[in-house]
Each structure stands twice: as structure tokens, then as C-alpha cells.
Amino acid sequence: MDLNTVLDVRDGRRRAPWRQGDAWLGGGTYLFSEPQPHLRRLVDLSRMGWEPVLRHPDGSLEIAATCTVAQLSRYGRTLDAPAAPLFEQCCRAFLASFKIWNMATVGGNLCNALPAGPMISLTSALDGVCLLRAQDGTSRRVPAAEFVTGAGRKDLGEGELLRSVTLPAAALDRRTAFRQASLYGLGRSGALVIGTLDPRDGSLAVTVTAATVRPFRLWFALPPTRDALRAAIDTAVGGSDWYDDIHGLPRWRRHMALHLAEQVRHELTEDGVR
Ligand SMILES: Cc1cc2nc3c(=O)[nH]c(=O)nc-3n(C[C@H](O)[C@H](O)[C@H](O)COP(=O)(O)OP(=O)(O)OC[C@H]3O[C@@H](n4cnc5c(N)ncnc54)[C@H](O)[C@@H]3O)c2cc1C
């Protein structure tokens with residue numbers, strides 16, 4: 001797609017005042033996929049030189065906004081942690097061609113804020129914390145599960161940059177269960193549910209994405225019964241929170257989310273039915 005209103009591409013490493021019509025350029029897989037008549041200039045992040053994934057001494061994992069899906073997938077396959085399989089499962093949940101797989105960035109996926117954003121699912125389920133940098137140089141941190149506030153909506157000010165998402169060490173130690181449903185084979189996710197079981201205290205978290213306009217993360221001190229889980233999801237997710245587009249009707253998405261949530265609960269708890 002030619003973005004014929006864009007007159008300039010600025011290297012993100014160069015400091016210059018933010019202007020109306022500017023946009024950060026991650027991998028460009030969304031920006032170049034449809035007309036962007038409001039844009040005049042792209043600020044390219046591809047040469048920032050940020051380490052794609054950094055393991056800190058405290059065991060936490062910092063994923064740079066510029067880390068591509070391909071890089072994250074590769075990293076996930078080398079990660080020695082109970083939650084490691086979730087990296088590949090979420091990367092594969094992308095409706096991704098070769099180009100998208102190799103170009104799309106974790107930051108671009110979060111900032112695009114599509115309900116079917118699998119990097120939103122991954123980072124929300126693993127207690128990710130977004131590091132945001134404003135144009136005046138100040139930083140703030142927002143939980144990934146709260147960063148996306150609706151379909152295409154996120155907690156990001158004008159010119160604010162998503163620098164990275166950090167997953168705490170404890171989240172990587174959790175057992176995980178993953179389920180995804182699409183209306184058609186290799187289709188965009190219509191419902192994606194992730195369960196995580198904390199080995200330290202037996203608590204269970206269930207994160208519903210893709211079916212809903214934003215992530216819903218439900219935490220239970222002890223694994224709930226099937227009925228309690230169902231009731232908790234129905235209480236948390238209001239009628240208008242079930243997403244409606246060509247990839248699935250809200251009623252179908254709710255049905256699948258409840259069904260998949262029960263499957264992850266069953267997989268992660270020994271008795272299954274309580
Ligand atoms: C065929 C096709 C299939 C797709 N399938 C899916 C899918 O299954 N799920 C899905 O979620 N998306 C999908 N997409 C949309 C898109 O490819 C992804 O959302 C992708 O992750 C966007 O990442 P990117 O790095 O290319 O972002 P870009 O296109 O570079 O940017 C996306 C948005 O985020 C902003 N942005 C980028 N990086 C930052 C940053 N660090 N800080 C602040 N703002 C930033 C940009 O200004 C822009 O508004 C698909 C697109 C196509 C064309």
C-alpha cells in the first residue's frame with residue numbers, strides 16, 4: 001500500500017519534536033496494509049538497536065517493542081521455563097504470512113490493539129508490564145492487561161512510545177494451558193483463552209482475549225468449579241464486551257470463550273470437575 005500522504009520517514013534514534021500526523025513505525029504490517037490519510041510522517045523504530053529479549057538477573061524477561069514475532073518465537077523455543085510453550089502457541093495464533101511473521105513487532109501488535117492480537121494475549125496472561133515513554137522524557141508503567149482498553153483503543157498518549165513489556169519471573173514458572181478458536185482453519189482468532197496455574201499457591205488465572213474487545217484476566221485464589229468459572233466470566237464480561245466483526249458473532253464468541261475456559265480449567269486442575 002502506498003501511503004501517499006506520508007512525506008517523510010524519520011529515523012527513531014534522531015530526537016526531533018513530535019508533530020501532528022506523526023506515527024511510530026514498527027514492522028509496518030498494519031500501517032502499510034490500509035490507507036492512513038491522517039499520517040504525514042513515520043518515525044521508524046527499526047534501527048533502535050534494542051535487544052529483542054533480555055533476561056534480567058531477577059529472572060524477569062523484558063521483550064523490546066521492536067522484537068519481531070519470529071524473534072520471539074525463536075526465543076521461546078530456547079526458554080527453559082514451564083510457561084515457555086505459551087510463546088510459540090501465541091506466535092502461531094497470528095494469521096501470519098512470511099512477511100508478517102518476520103516483520104510484525106510485539107510493540108506494534110499491542111499498540112494496534114486488535115482483539116485478536118496474540119501478543120496482547122501472551123503478555124496479559126503472563127502479567128506483563130508495559131514501559132511507556134512520553135515525548136517529555138517521562139516514563140510510566142501499565143499492566144499489559146490494562147493497556148488495551150477496547151477494540152483499537154489503548155492507554156497511549158499522543159507521541160507516547162511503547163518501549164518494552166516485562167514479564168515477571170514468577171509468571172514464567174506457571175503451568176499454562178492455551179486454547180484458540182477461529183471460524184475457519186488458520187483464520188483470525190475469534191476466541192483465545194489462556195489459563196495459568198501458580199505452583200507456589202495453587203492460584204489459577206484465566207485470561208480471555210480475541211472474543212472480547214479487550215483482555216479480561218480473572219484470578220482465583222483456588223481453582224474455581226466449572227459453574228463458578230462460568231459465572232465469573234459472565235459477571236466480568238458485559239454484553240457489549242463480546243466483540244462483533246466478520247470473524248465471529250458475539251454469541252458465538254461468548255459460547256467459545258466459556259467452552260475454552262472450561263477446557264483450560266480442566267487441563268490445569270487435576271480433578272477437572274469440581
Ligand atoms: C494479512 C494480515 C493478517 C493479520 N493478522 C493479524 C492477527 O491475526 N492478529 C493481529 O493482531 N493483527 C493482525 N494483523 C495486523 C498487524 O499485522 C499486526 O497487528 C502486527 O502485529 C502489527 O505490528 P507492526 O510492528 O507491523 O505494527 P505497525 O504496522 O508498524 O504499527 C501498528 C500501530 O502501532 C503503532 N506502533 C508501532 N510500534 C509502536 C511502539 N513501539 N510504540 C507506540 N506505537 C507503536 C503504529 O504507529 C501503528 O499505529 C494482520 C495484518 C495483515 C495484513
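When a ligand or atom number is given, it counts from 1 through the structure's own listing order. Note: hydrogens, waters and symmetry copies are ignored here, and every other heavy atom, side chains too, is used. Starting from 1, each residue takes its place in the sequence as its number.
Contacts between Leu114 and ligand 1, counted as non-hydrogen atom pairs separated by less than 4.0 Å, involve the side chain only. Only side-chain heavy atoms of Ile100 come within less than 4.0 Å of ligand 1; its backbone N, CA, C and O stay farther off. Counting heavy atoms closer than 4.0 Å to ligand 1, residue Leu45 contributes side-chain atoms (C-beta onward) but none from N, CA, C or O. Contacts with ligand 1 closer than 4.0 Å are made by side-chain heavy atoms of Leu156 only, the backbone lying farther away.
Partner of Arg253 under the side-chain hydrogen bond (donor to acceptor under 3.5 Å, both in side chains) criterion, out of Asp245, Asp241, Thr212: Asp245 alone. With Glu160 as reference, Arg140 is the one residue of Arg140, Gln135, Lys154 to meet the side-chain hydrogen bond (donor to acceptor under 3.5 Å, both in side chains) rule.
Inclusion of Glu160 in the set of residues having an N or O under 3.5 Å from an N or O of ligand 1 is not warranted. Residue Leu162 has at least one N or O atom closer than 3.5 Å to an N or O atom of ligand 1. For ligand 1, one of its N or O atoms has an N or O atom of Gly26 under 3.5 Å away. Close N/O approach between Leu161 and ligand 1 is not found [any backbone or side-chain N/O within under 3.5 Å]. Polar contact with ligand 1: absent for Lys154 (N/O pair, distance under 3.5 Å). Here's the thing with Gly27: one of its N/O atoms is less than 3.5 angstrom from an N/O atom of ligand 1.
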Note to self: Please determine whether salt bridge (Lys or Arg N to Asp or Glu O under 4.0 Å) holds for the pair Asp234 and Arg254, giving the CA-CA distance in whole Å, both sets of side-chain angles, and the decisive distance to 0.1 Å.
What the structure shows: CA-CA 9 Å; Asp234 266 338; Arg254 173 178 168 272; 2.8 Å; yes
Check: Under the salt bridge (Lys or Arg N to Asp or Glu O under 4.0 Å) criterion, do Arg175 and Glu267 qualify, and how do the steps go?
Finding: CA-CA 10 Å; Arg175 264 180 62 213; Glu267 183 178 325; 5.8 Å; no
Checklist line | Derivation and outcome, side-chain contact (heavy atoms from CB on, under 4.5 Å), residues Cys111 and Phe147 | finding: CA-CA 9 Å; Cys111 294; Phe147 177 70; 4.1 Å; yes
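Side-chain N/O atoms of Thr225 and Asp227 include no donor and acceptor closer than 3.5 Å. No donor-acceptor contact under 3.5 angstrom links the side chains of His266 and Glu262, judged on distance only.
Short contacts between ligand 1 and Phe94, defined as distances under 4.0 Å to a heavy atom of the residue, involve ligand atoms 7 (C), 21 (O). Close approach of ligand 1 to Leu31 is summarised as follows: ligand atoms under 4.0 Å from at least one heavy atom of the residue are 29 (O), 30 (O), 31 (O), 48 (C). Every atom of ligand 1 with a heavy atom of Ala65 under 4.0 Å away is listed here by number and element: 41 (N).
At the top of the distance list for atom 19 (O) of ligand 1, counting protein heavy atoms only, stands Asn112 ND2, 3.0 Å. The single protein non-hydrogen atom nearest to atom 37 (C) of ligand 1 is Gly108 CA, 3.6 Å, given as residue, atom name and distance. Regarding atom 47 (O) of ligand 1, its nearest protein heavy-atom neighbour is Trp24 O, 2.6 Å. Looking only at protein heavy atoms, the nearest one to atom 9 (N) of ligand 1 is Ala116 O, 3.0 Å. Looking from atom 8 (O) of ligand 1 to the surrounding protein, the closest heavy atom is Leu95 N, 3.1 Å. Nearest non-hydrogen protein atom to atom 44 (N) of ligand 1 is Cys111 SG, 3.4 Å. Among all protein heavy atoms, the one lying closest to atom 26 (O) of ligand 1 is Thr29 OG1, 2.6 Å.
Considering Leu39, Asn109, Thr105 only, the shortest heavy-atom separation from atom 11 (O) of ligand 1 involves Asn109. The closest heavy-atom contact to atom 28 (P) of ligand 1, among the options Gly28, Ser33, Gly117, Ser97, comes from Gly28. The heavy atom nearest to atom 7 (C) of ligand 1, out of those in Glu34, Arg188, Met119, Lys99, is found in Arg188.
Under the 4.5 Å side-chain contact rule for hydrophobic residues, Leu161 and Ile63 do not share a cluster. By the rule that hydrophobic residues join a cluster once side-chain heavy atoms approach within less than 4.5 Å of another member, Phe94 and Val148 end up as members of one cluster.
In this structure, Arg251 fails the cation-pi test against Trp242, since its NZ or CZ atom is not both closer than 6.0 Å to the six-membered ring centre and inside 45 degrees of the ring normal. Relative to the ring axis of Trp101, Arg92 places its NZ or CZ within 45° and under 6.0 Å from the centre.
Between Asp127 and Arg174, at least one side-chain N (NZ, or NE/NH1/NH2) sits under 4.0 Å from a carboxylate O, which counts as a salt bridge.
Remark: side-chain polar atoms of Thr78 are paired, donor with acceptor, to backbone N or O of Tyr75 under 3.5 angstrom.
Taking a 6.0 Å sphere around CZ of Phe98, one finds it holds 12 or fewer heavy atoms contributed by other residues, nucleotides or ligands.
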